[in-house]
Visitor: 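Quick one: the structure is below, and I'll ask about it shortly.
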Amino acid sequence: MEQKYVVKGGNPLVGEVVIGGAKNAALPVLAAAVMTDGCCHIDNMPNVRDINVLLQAMEGIGAGINRINDNEVVITGKGIKPEGIVDNEFIRKIRASYYLIGALLGKYKKAQVVLPGGCAIGARPIDQHIKGFEALGAKVTIEHGMIKAEADHLVGSHIYMDVVSVGATINIMMAASLADGNTVIENAAKEPHVVDVANFLNCMGADIRGAGTDVIRINGKKAFGNCEYSIIPDQIEAGTFMTAAAVTKGDITVKNVIPKHLESISAKLTEIGAEVTEFDDAVRVVATKRLKPTQIKTLPYPGFPTDMQPQMAITLALSEGISMITESIFENRFRYVDELTRMGAKIQVEGNTALITGVEKYTGAEVSAPDLRAGAALVIAGLAADGITQVDSIGFIHRGYERFEEKLQGLGGQIQLVETEKELQKFILQVS
Ligand code: EPZ
């Protein structure tokens, strides 16, 4: 039997949960670490599948990877073979493989990386990455599923992004930080992880200003040195547990977070009637009564994050009245709706809009995780449902959530990861 989560709903989730490092910051930070021949000591790294795949691929091209423990690693790019091709069956499946293009192109002026995969949440073009590399003087070709970028010299440039892209902003920032002269990236993404990568590059010796605003200015350097760095907390993991409190009428304090990064989520939860209290490095969410409906449109930061859209949908689908969610970043991010419908939700999808009619309760069902965030959302819906829910395809969840079931159990959630029919039946007997 494939691994699955089995969940018995009905308990409000109560207690404290410690949030790990941000996956979407850690991926580019780790890739960027190969840009120095010195040593980078990185902690607060999440121990999730996508991170481990990236580290293996980096080792595959000769980077030194010394895992101190689950969340701490020392990396050096000293042993890298510049002609190395980044490819293996696992790296093909993750999006972040593309960060090695920017990193290797910056350092060696050439890179050859398999075209990125990632969650199937819509067409995910990389034209803006390519446009940026070309503006810096690289020749970029795509052949046999590989993307190849090369340049005699990388030269700073003025680049205007046609769409706000996290990946392209970071990738161009990495390559430009070891180019000759100055680069300006306009219409840059402003996500906290863009700022984190800029801080990390600066810690290695780069000169990047303006990250977190629309305009990033980079003064290219010749080479980088050593660095010690701690990854920022995961805004989406935190948001996921915040909605878990709202959906199960619980009381959860998420610890080790930067409340500022959670503002769009806190604001929506407050608007629908949850009580949100901010502390220096924690946020507490309490929900005691049925929540109210609202409208949400996903937008680049500081707007409401697309990575929180399914978790918010499962919250609104239990609220009183009609809510509307517009997904403006990825066109295929409502694939969980069929699954949630099996649990009793009433959601109508029309193009990039979901019309949600709140129901009073979910009923447990067998569902399948269609992608990372939607998978986490379905588990939480299960924790709020009457009866037993089984969630399969949970490999998606492990791409981005560390010890997910353990953290939920710590909050009183009845959940178990099972691998055999016997384990499944045992759990069902225990909880009934
Ligand atoms: C990152 O993806 C995240 N992934 C995603 O997280 C997240 O959903 C997304 O940013 C938006 O916040 C990683 O960090 C590894 P984009 P990315 O480039 O970089 C269009 C999760 O659940 N676009 O900001 O791929 C694109 O189609 C995941 O953790 C172009 O048109 O996202 C999209 O509509 C899933 N051309 C929009 O821009 C390009 O060259 C934003 O994409 C690049 C992007």
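First listed ligand is number 1; within each ligand, the first listed atom is number 1.
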Visitor: Hey, are K190 and D214 close enough for a salt bridge, meaning a charged N less than 4.0 Å from a carboxylate O?
Guide: yes

Visitor: Answer yes or no: is there an ion pair linking K110 with D152, defined by an N-O contact shorter than 4.0 Å?
Guide: no

Visitor: Would R95 count as a polar contact of ligand 1, with the cut-off being nitrogen or oxygen pairs under 3.5 Å?
Guide: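 Yes: some nitrogen or oxygen of R95 is under 3.5 Å from one in ligand 1.
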
Visitor: Are side-chain N/O atoms of N44 and Y229 paired as donor and acceptor at under 3.5 Å?
Guide: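 On atom types as modelled, these side chains do not qualify, holding no pair under 3.5 Å.
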
Visitor: Pick, from G400, A189, S165, G375, the option with the minimum heavy-atom distance to atom 44 (C) of ligand 1.
Guide: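 Looking at heavy atoms only, the winner is S165.
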
Visitor: Can you find an N/O atom of T306 closer than 3.5 Å to an N/O atom of ligand 1?
Guide: no

Visitor: Would you check if there is a donor-acceptor pair between the side chains of E402 and N71 at a distance under 3.5 Å?
Guide: yes

Visitor: Polar-atom distance check: H193 versus ligand 1, any N or O pair below 3.5 Å?
Guide: no

Visitor: Is the closest side-chain donor-acceptor distance between Y401 and R49 under 3.5 Å?
Guide: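 Result is no, nothing qualifies.
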
Visitor: Is it the side chain, the backbone, both or neither of D127 that has a heavy atom closer than 4.0 Å to ligand 1?
Guide: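 Both of them.
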
Visitor: Provide the number and element of each atom of ligand 1 under 4.0 Å from a heavy atom of N24.
Guide: 3 (C), 4 (N), 5 (C), 6 (O), 13 (C), 14 (O), 15 (C), 21 (C), 29 (O)

Visitor: Can any side-chain N or O of D234 pair as donor or acceptor with the backbone N or O of G20 at less than 3.5 Å?
Guide: no

Visitor: Please confirm whether E327 comes under 4.0 Å of ligand 1, counting heavy atoms of the residue only.
Guide: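 False for this residue.
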
Visitor: Salt bridge or not between D162 and K131? Use side-chain N to carboxylate O under 4.0 Å.
Guide: yes

Visitor: Is a salt bridge present between D281 and K255, judged by a nitrogen-to-oxygen distance below 4.0 Å?
Guide: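 No, no charged N to carboxylate O under 4.0 Å.
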
Visitor: So for ligand 1, is G167 a polar contact partner (N or O within less than 3.5 Å, distance only)?
Guide: yes

Visitor: Does P125 come within less than 4.0 Å of ligand 1, judged by its heavy atoms?
Guide: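 Contact present.
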
Visitor: Looking at ligand 1, is there an atom of it that comes within less than 4.0 Å of some heavy atom belonging to F396?
Guide: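 It does not, in that no heavy atom of F396 comes within the 4.0 Å cut-off of ligand 1.
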
Visitor: Closer than 4.0 Å to some heavy atom of Y98 - which atoms of ligand 1 meet that?
Guide: 17 (P), 19 (O), 25 (O)

Visitor: Is the ring centre of Y98 less than 6.0 Å from the ring centre of H129?
Guide: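 Between Y98 and H129, the centre distance is under 6.0 Å.
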
Visitor: So, does I236 sit close enough to ligand 1 that a heavy atom of it is under 4.0 Å from the ligand?
Guide: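 Not so, I236 does not reach ligand 1.
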
Visitor: Would K23 count as a contact residue for ligand 1, given that I'm defining contact as a non-hydrogen atom of the residue lying under 4.0 Å from a ligand atom?
Guide: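 Yes, K23 has heavy atoms under 4.0 Å from ligand 1.
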
Visitor: Please compare I170, V166, D162 and report which has the shortest non-hydrogen distance to atom 1 (C) of ligand 1.
Guide: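 Looking at heavy atoms only, V166 sits closest to atom 1 (C) of ligand 1.
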
Visitor: So that I can tick it off, tell me whether K407 and E237 are bridged by a salt bridge, with the cut-off set at under 4.0 angstrom between side-chain N and carboxylate O.
Guide: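 A salt bridge links E237 with K407.
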
Visitor: Within a distance under 4.0 Å of any heavy atom of F330, pick out the atoms of ligand 1 and give their elements.
Guide: 8 (O), 9 (C), 32 (O), 33 (C), 42 (O)

Visitor: Using only the SG atoms, decide whether C227 and C203 are less than 2.5 Å apart.
Guide: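 Yes; the two sulfurs sit under 2.5 Å apart.
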
Visitor: Would you check whether V163 has a nitrogen or oxygen atom less than 3.5 angstrom from a nitrogen or oxygen atom of ligand 1?
Guide: no

Visitor: With heavy atoms of H129 as the reference, note each atom of ligand 1 found under 4.0 Å away.
Guide: 40 (O)

Visitor: If you measure from the Lys or Arg side-chain nitrogens to the Asp or Glu carboxylate oxygens, is any gap between D371 and R399 under 4.0 Å?
Guide: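 Result for this pair is no, no salt bridge flagged.
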
Visitor: Give the numbers and elements of all ligand 1 atoms closer than 4.0 Å to a heavy atom of R333.
Guide: 8 (O), 22 (O), 35 (C)

Visitor: Suppose I only count heavy atoms of Q128 and a 4.0 Å limit; which atoms of ligand 1 are within that range?
Guide: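 Listed by number with element, the hits are 36 (N), 39 (C), 40 (O).
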
